[in-house]
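Below is one structure, written out as structure tokens, with a few remarks after it.
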Amino acid sequence: MGKVTAVVGAGGMGTTVLEVFTQKFAKEVAATGTSVQTIVVNRPQDSLDQAQAQEKIALASPDIEGVSEVDDEKWQEVLNLHAGEIRKALDGASAVVVLAGLGGFTGSSAAPFVAKIGKELGAQVSAVVTMPIPFEGEKRAQKAVAAHAELSKFADQVVTVSGAELLDKADLGASLDQAYGKFDAELAAKAAELIEEA
């Protein structure tokens, strides 16, 4: 059996980028001899059922059901509940690539947690993450910075793309959805590059 890489979409943005990766790059990566295991770690209400992944881990807990904003301490409790599932999904992978948008609740909490478990299992850990768009506010920006610092403790490499870069890449006259679509494809391509380098 060849090299196994776990590609994990954490949170909504990570799930979206993982889907683009699966559609556009998974076969290309597999052709290099790397076996790719796709995993989504997200909240149940975030279209987990529609996610294109081999394994789906729902961050479910009665304490956060129906709650849009969850404090960091509560999120840590929820993640700890699912640590065994995440560990089992990553076990056997020689490399782990985490995809996430930082600044929100799920990605900011789950991405560092997944990276930490990957590192504990002895995998080479890398990440492709986005930072908030400037107009999303200071609170979201601060959360992203804190999450990035935590993620960097466990990841061997973090590829970071700022929200400002998203705006810069948006074609004049293009909708925000079109800009995000182009952005997601670029992030998925970066993930494919990391896998090929690992």
Side-chain angles (χ1 to χ4, degrees), residues 3-18 21 25 29 34-43 46 51 53-61 64 70-132 140-163 187-198:
K3 184 172 62 177
V4 177
T5 297
V7 185
V8 186
M13 180 80 171
T15 298
T16 301
V17 175
L18 178 63
F21 170 84
F25 299 102
V29 170
T34 297
S35 176
V36 176
Q37 173 76 8
T38 55
I39 304 161
V40 167
V41 180
N42 206 352
R43 293 181 72 175
D46 288 336
Q54 294 160 298
E55 186 141 3
K56 303 173 186 180
I57 298 173
L59 299 176
S61 166
I64 64 169
V70 182
D71 65 49
D72 292 340
E73 186 177 333
K74 184 61 67 178
W75 254 125
Q76 196 59 45
E77 291 175 11
V78 172
L79 289 165
N80 287 336
L81 283 174
H82 298 282
E85 289 176 78
I86 296 169
R87 186 175 294 274
K88 183 178 178 183
L90 299 181
D91 192 28
S94 57
V96 174
V97 178
V98 183
L99 310 173
L102 303 183
F105 288 91
T106 311
S108 296
S109 300
F113 193 79
V114 170
K116 179 175 183 286
I117 291 177
K119 182 55 64 178
E120 288 172 352
L121 290 170
Q124 178 180 327
V125 179
S126 55
V128 178
V129 299
T130 61
M131 302 297 275
R140 197 173 179 90
Q142 289 176 352
K143 191 170 190 67
V145 169
H148 192 283
E150 187 68 13
L151 176 62
S152 298
K153 292 179 185 177
F154 310 109
D156 300 293
Q157 181 180 5
V158 181
V159 176
T160 308
V161 184
S162 71
L187 295 171
K190 289 179 187 295
E193 288 173 14
L194 286 175
I195 294 168
E196 290 170 6
E197 291 170 4

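Note: hydrogens, waters and symmetry copies are ignored here, and every other heavy atom, side chains too, is used.
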For this session: Using a 4.5 Å cut-off on heavy atoms from C-beta on, say whether the side chain of T34 contacts that of V4.
Result: no

For this session: Report the C-alpha separation of M131 and V145 in whole Å, then their side-chain angles, then the decisive distance to 0.1 Å, and conclude whether the side-chain contact (heavy atoms from CB on, under 4.5 Å) test is met.
Result: CA-CA 8 Å; M131 302 297 275; V145 169; 4.1 Å; yes

Problem set entry | Whether K190 side chain and V159 backbone form a donor-acceptor pair below 3.5 Å | no

Exercise. Under 4.5 Å between any side-chain heavy atoms of E120 and F154, yes or no?
Worked result: no

Problem set entry | Distance-minimising heavy-atom pair for P132 and R140 | CG-O, 3.7 Å

Exercise. Above 12 or not: heavy atoms from other molecules or residues under 6.0 Å from NZ of K119?
Worked result: yes

For this session: Go through the steps for T130 and V17 under the test side-chain contact (heavy atoms from CB on, under 4.5 Å), then give the verdict.
Result: CA-CA 11 Å; T130 61; V17 175; over 6 Å; no

Problem set entry | Residues I57, V40; criterion side-chain contact (heavy atoms from CB on, under 4.5 Å); working and verdict | CA-CA 6 Å; I57 298 173; V40 167; over 6 Å; no

For this session: Determine the minimum heavy-atom distance between I39 and A6, stating which atoms define it.
Result: CD1-CB, 4.0 Å

Exercise. So how far is it from S108 OG to M13 CE, rounded to the nearest 0.5 Å?
Worked result: 12.0 Å

For this session: Using a 4.5 Å cut-off on heavy atoms from C-beta on, say whether the side chain of V97 contacts that of F21.
Result: no

Problem set entry | Non-hydrogen atoms of A147 and P112 that approach each other most closely | O-CG, 3.8 Å

Exercise. Taking the side chain from N80 and the backbone from Q76, do they hold a donor-acceptor pair closer than 3.5 Å?
Worked result: yes

Seminar exercise, completed: When rounded to the nearest 0.5 Å, the distance separating OG of S162 from CG of L102 is 12.0 Å

Seminar exercise, completed: For S152 and V158 the tightest heavy-atom approach is OG-CG2, 4.0 Å

For this session: Would you check, one step at a time, whether the test side-chain contact (heavy atoms from CB on, under 4.5 Å) holds for H148 with V129?
Result: CA-CA 8 Å; H148 192 283; V129 299; 4.0 Å; yes

For this session: Check for a donor-acceptor pair, side chain of T38 on one end and backbone N or O of V7 on the other, with a separation under 3.5 Å.
Result: no

Exercise. Does V125 offer a backbone N or O that forms a donor-acceptor pair with the side chain of D156 under 3.5 Å?
Worked result: yes

Exercise. To the nearest 0.5 Å, how far apart are CG in L59 and CD1 in I86?
Worked result: 6.0 Å

Seminar exercise, completed: Residues L18 and A53: closest non-hydrogen pair is CD2-CB, 4.1 Å

Problem set entry | Rounded distance (nearest 0.5 Å) linking atom CD of E150 with atom CZ of F113 | 11.0 Å

Exercise. Can you tell me if NZ on K116 sees more than 12 non-hydrogen neighbours from other groups inside 6.0 Å?
Worked result: no

Exercise. Does any N or O in the side chain of T5 come within less than 3.5 Å of the main-chain N or O of V96, such that one atom is a donor and the other an acceptor?
Worked result: no

Problem set entry | Pairwise distance CG(L151) to OG(S126) - rounded to 0.5 angstrom | 10.0 Å

Problem set entry | Distance in Å, I195 CD1 paired with K3 NZ, rounded so as to fall on 0.5 Å steps | 9.0 Å

Exercise. Which heavy atom in I117 sits nearest to a heavy atom in R87, and how many Å separate them?
Worked result: CG2-CA, 3.8 Å

For this session: Report the C-alpha separation of K88 and E85 in whole Å, then their side-chain angles, then the decisive distance to 0.1 Å, and conclude whether the salt bridge (Lys or Arg N to Asp or Glu O under 4.0 Å) test is met.
Result: CA-CA 5 Å; K88 183 178 178 183; E85 289 176 78; over 6 Å; no

Exercise. Do T15 and N42 meet the criterion of a side-chain donor-acceptor pair at a distance under 3.5 Å?
Worked result: yes

